[in-house]
Amino acid sequence: MLKKAWYLYYDGFKNMPRWGRTLWLIIIIKLSIMFLVFKLWLMPNFLNSQYDSAEEKSDHVFKELTTKP
Amino acid sequence: MLLDLTTTTLVEWSRWQFAMTAIYHYMFVPLTLGLALMLAIMETMWVKTGDKSWLNATKFWMKLFGINFAIGVATGLILEFQFGTNWSNYSWFVGDIFGAPLAIEGIIAFFLESTFVAVMFFGWNKVSKRFHLVSTWMVFVGANISALWILVANAWMQNPVGMEFNPITARNEMDNFWAILFSPTAISKFTHTVTSAYTLSACFVVGVSSWFILKKRNLEFARKSIMLASVFGLISIILTIYTGDSSAQDVTKTQPMKFAAMEGLNEGGRGAAFTVIGLPVNDPSLPTDKMKKMEYAIHVPKMLSFLGYHDFNAYIPGIQNILDGYTSQSGVTYPSLEQRMANGRTAIDALKTYKQAVKEENQILADSTLQVFKANYSDFGYGYLNSPYDAIPHVPLVFYSFRIMVGLGMLFVLLFAVSLWYAKKRKFEKFKLIPYLALFCVPMAYIASQCGWIVAEVGRQPWVVQDLMPTNVAVTKIASNWVITTFWMFAILFTILLIAELKIMFHQIKKGPETDN
Ligand code: HEM
């Protein structure tokens with residue numbers, strides 16, 4: 001069963017037409033930009049990057065909520 | 001990365017960034033939802049009839065589905081990153097409600113899609129006909145399940161139900177899963193979004209097939225596709241209108257300010273008229289420029305009341321009525337927005353005192369302030385507004401977007417009815433106007449869908465969570481030039497993706513289906 005599944009993917013990728021390969025290239029570039037550039041570098045989770053514990057995070061948001069913008 | 005410029009610039013740019021990425025994301029999503037269903041139907045026709053031309057049609061549209069799916073999938077990830085980076089107060093405020101179900105759904109949909117998409121593309125001649133067909137249906141199910149929970153989350157923001165705010169952690173916690181899943185807002189949001197996505201996909205198939213007709217190529221394939229997509233499209237657009245009508249009724253009850261803005265209605269009343277079209281302009285006699293006078297308006301008497309409540313004499317509040325306070329059709333009395341702002345400020349102060357009292361272990365004070373907080377929590381967000389006029393969204397944008405969406409909906413009824421009629425009589429290609437109309441409707445379906453989202457999202461401003469949290473509280477206080485920089489980075493990335501999609505797609509369309517009888 002597992003061998004069959006592996007073969008399905010293996011054969012599918014091997015016999016893929018040119019446009020399919022281009023698509024996969026786009027997918028890989030897209031996902032690497034999203035995860036490596038944006039997620040890790042440009043768009044960190046603000047609360048996680050500033051505070052360690054849930055209590056600190058909650059205190060921060062609490063302060064934001066009780067101070068008028 | 002800490003605060004520089006004004007909060008207004010920051011909020012505006014954070015909103016622009018979210019809007020831009022959401023608009024691009026939604027350029028890829030609806031075709032995935034609807035084309036998957038049409039593929040499943042086409043393949044079923046092949047398995048049932050053994051007619052090879054259905055197989056060719058399935059393979060051709062599957063190719064276009066694959067291109068759209070591969071390029072579009074995961075564009076929504078950026079929105080998720082933005083929640084954590086730009087809207088951290090909001091994410092914390094609602095986090096517990098959506099975290100776990102979204103994660104479970106993500107995993108289920110990912111496995112459904114990734115395994116069955118592989119069988120769908122690679123499995124021809126390797127798995128049995130039936131298993132292949134089941135896989136195609138499962139791709140449709142997976143894609144539509146992916147849409148479900150995110151739309152339920154959106155609906156919750158428009159109409160927050162089934163939760164309790166925890167004043168210690170400053171988070172809303174789910175206390176009734178079913179109330180969230182089956183709230184009327186969630187039902188109308190999900191059904192209207194998916195049926196409108198099916199309509200868009202039908203426009204796409206009829207439009208692209210019309211191109212073949214105009215080029216006098218692959219005629220049998222094009223006729224078959226037009227026939228199927230016209231029936232599919234006609235059913236979808238009827239369902240889109242039906243669910244749009246339910247959405248309008250829901251908005252009337254849960255977001256009356258949005259409904260008033262959709263109509264540019266200042267003074268409401270019983271038997272309110274529907275404005276077919278008009279020109280919203282500034283008028284110095286109105287208390288604020290956010291309210292508009294409707295020039296050159298064409299009205300249908302009592303129609304708005306009917307749209308809102310299916311009752312020609314129902315009461316519909318206008319913007320001024322909401323500012324002043326009113327009693328709704330169902331008999332609930334809402335105080336003026338000045339009063340709701342005062343209630344909101346009371347809730348915010350009570351929350352602050354409560355936290356302090358808990359810290360100092362003053363149980364009596366904690367209990368009494370908690371009571372005050374709970375009594376005023378439904379107006380919590382109004383406490384952050386500087387003026388009642390802050391509660392009015394951008395009227396012209398919402399007014400026009402609603403009319404464009406509905407107007408195009410009517411055009412699609414005409415398109416599918418006419419194309420079905422002439423396709424059945426085998427006269428589709430005789431009247432050149434019809435294939436040209438079909439081609440024109442492809443971009444129009446995207447415009448209608450984007451307008452729908454503008455109605456839903458601009459119409460609910462200033463709220464991120466209706467009545468509880470406005471955008472300027474939800475936003476993370478980071479440097480706005482940082483937000484501007486990432487805005488342009490996303491704009492460039494998404495534009496490249498869109499160009500790549502269009503290029504590959506046009507190339508494959510020009511090549512046409514594999515065989516033609
Ligand atoms: C013809 C009658 C239609 C009516 C009465 C209607 C009504 C509505 C209403 C009231 C909303 C706002 C819902 C909210 O704010 O929660 C909405 C949103 C939306 N509409 Fe329509 N609509 C119609 C046609 C269409 C068409 C033809 C399309 C696209 C092909 C479309 C796509 C959308 C989308 C994508 C949204 C945003 C998602 C949502 O809020 O459900 N609508 N529509």
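Every chain is numbered from 1, with letters handed out A, B, ... down the list of sequences. Every value quoted in this text rests on a predicted model; they were computed, and no experiment measured them.
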Check: Quick check: are there more than 12 heavy atoms from other residues, nucleotides or ligands sitting under 6.0 Å from NZ of A/Lys63?
Finding: no

Check: What is the distance from atom CD of A/Glu64 to atom CZ of B/Phe93, rounded to the nearest 0.5 Å?
Finding: 13.0 Å

Note to self: Quick check for you: to the nearest 0.5 Å, what is the distance between B/Asn89 atom CG and A/His60 atom NE2?
What the structure shows: 5.0 Å

Next item on the list: Below 4.5 Å from any heavy atom of chain A, which atoms of B/Lys126 appear? Answer side chain, backbone, both or neither.
Entry: side chain

Note to self: I'd like to know which of B/Leu351, B/Leu77, B/Asp349 tops the heavy-atom pair count under 4.5 Å against chain A.
What the structure shows: B/Leu351

Next item on the list: Identify which part of A/Tyr7 has an atom lying under 4.5 Å from any heavy atom of chain B, answering side chain, backbone, both or neither.
Entry: side chain

Notebook entry, point to check: Hey, does B/Ile67 have a side-chain heavy atom less than 4.5 Å from the side chain of A/Trp19?
Noted result: yes

Note to self: Can you tell me which portion of A/Lys39 sits under 4.5 Å from chain B's heavy atoms? Options are side chain, backbone, both or neither.
What the structure shows: both

Note to self: Please classify the contact between A/Leu31 and chain B as side chain, backbone, both or neither, with a heavy-atom cut-off of under 4.5 Å.
What the structure shows: side chain

Note to self: As an exercise, state the distance from OG1 of B/Thr486 to CG of A/Leu42, rounded to the nearest 0.5 Å.
What the structure shows: 7.0 Å

Margin query: Given heavy-atom pairs under 4.5 angstrom as the criterion, report whether the side chain, backbone, both or neither of B/Ser88 touches chain A.
Written below: both

Next item on the list: Identify which part of A/Leu8 has an atom lying under 4.5 Å from any heavy atom of chain B, answering side chain, backbone, both or neither.
Entry: both

Margin query: Other residues, nucleotides and ligands only: do more than 12 of their heavy atoms fall within 6.0 Å of CG on A/Asn15?
Written below: yes

Next item on the list: With rounding to the nearest 0.5 Å, note down the distance linking OH in B/Tyr354 to OG1 in A/Thr66.
Entry: 14.5 Å

Checklist line | Atom of B/Trp92, atom of A/Ser58 and distance for their closest heavy-atom approach | finding: CZ2-CB, 3.4 Å

Next item on the list: Check for a donor-acceptor pair, side chain of A/Lys30 on one end and backbone N or O of B/Ala70 on the other, with a separation under 3.5 Å.
Entry: yes

Check: Parallel, tilted or perpendicular for A/Phe38 and B/Phe490, by the 30°/60° rule?
Finding: tilted

Item checked: Validation row: A/Ile33, B/Leu493 side chains within 4.5 angstrom (heavy atoms) -> yes

Next item on the list: List for me each residue that meets side-chain contact (heavy atoms from CB on, under 4.5 Å) alongside A/Glu56, sequence neighbours excluded, and say none if there are none.
Entry: A/Tyr51, A/Asp52, A/Ser53

Next item on the list: Go through the atoms of B/Pro167 and report whether side chain, backbone, both or neither lie under 4.5 Å from a heavy atom of chain A.
Entry: backbone

Next item on the list: Determine the minimum heavy-atom distance between B/Ala170 and A/Phe62, stating which atoms define it.
Entry: CB-CD1, 4.1 Å

Next item on the list: State the CD1-CD1 distance between B/Ile71 and A/Ile27, to the nearest 0.5 angstrom.
Entry: 8.0 Å

Notebook entry, point to check: Between B/Tyr384 and A/Leu65, is a side-chain contact (heavy atoms from CB on, under 4.5 Å) present by the stated rule, with each step listed?
Noted result: CA-CA 9 Å; B/Tyr384 301 110; A/Leu65 287 182; 3.7 Å; yes

Note to self: Let's test your reading of the structure: which of B/Met489, B/Lys352, B/Gln82, B/Met469 forms the most heavy-atom pairs below 4.5 Å with chain A?
What the structure shows: B/Lys352

Margin query: Main chain of B/Phe122, side chain of A/Tyr9: is a donor-acceptor contact present, judged purely on distance under 3.5 Å?
Written below: no

Item checked: Flag if over 12 foreign heavy atoms under 6.0 Å of CZ, A/Phe13 -> yes

Check: So how far is it from A/Ile26 CD1 to B/Ile496 CD1, rounded to the nearest 0.5 Å?
Finding: 10.5 Å

Notebook entry, point to check: Do any of residues 500-512 of chain B come closer than 4.5 Å to chain A, heavy atom to heavy atom, and if so which ones, in number order?
Noted result: B/Ala500, B/Ile504, B/Gln508

Next item on the list: Could you go through the side-chain contact (heavy atoms from CB on, under 4.5 Å) check for A/Glu55 and B/Ile168 one step at a time?
Entry: CA-CA 10 Å; A/Glu55 207 179 327; B/Ile168 297 286; over 6 Å; no

Checklist line | Portion of B/Asn86 that has a non-hydrogen atom of chain A nearer than 4.5 angstrom | finding: side chain

Margin query: As an exercise: rank B/Thr75, B/Ile78, B/Thr485, B/Val119 by heavy-atom pairs under 4.5 Å with chain A and give me the winner.
Written below: B/Ile78

Next item on the list: Would you check if B/Lys63 and A/Pro17 make a side-chain contact, meaning some heavy-atom pair closer than 4.5 Å?
Entry: no

Item checked: Heavy-atom side-chain proximity of A/Phe46 to B/Thr476 below 4.5 angstrom -> yes

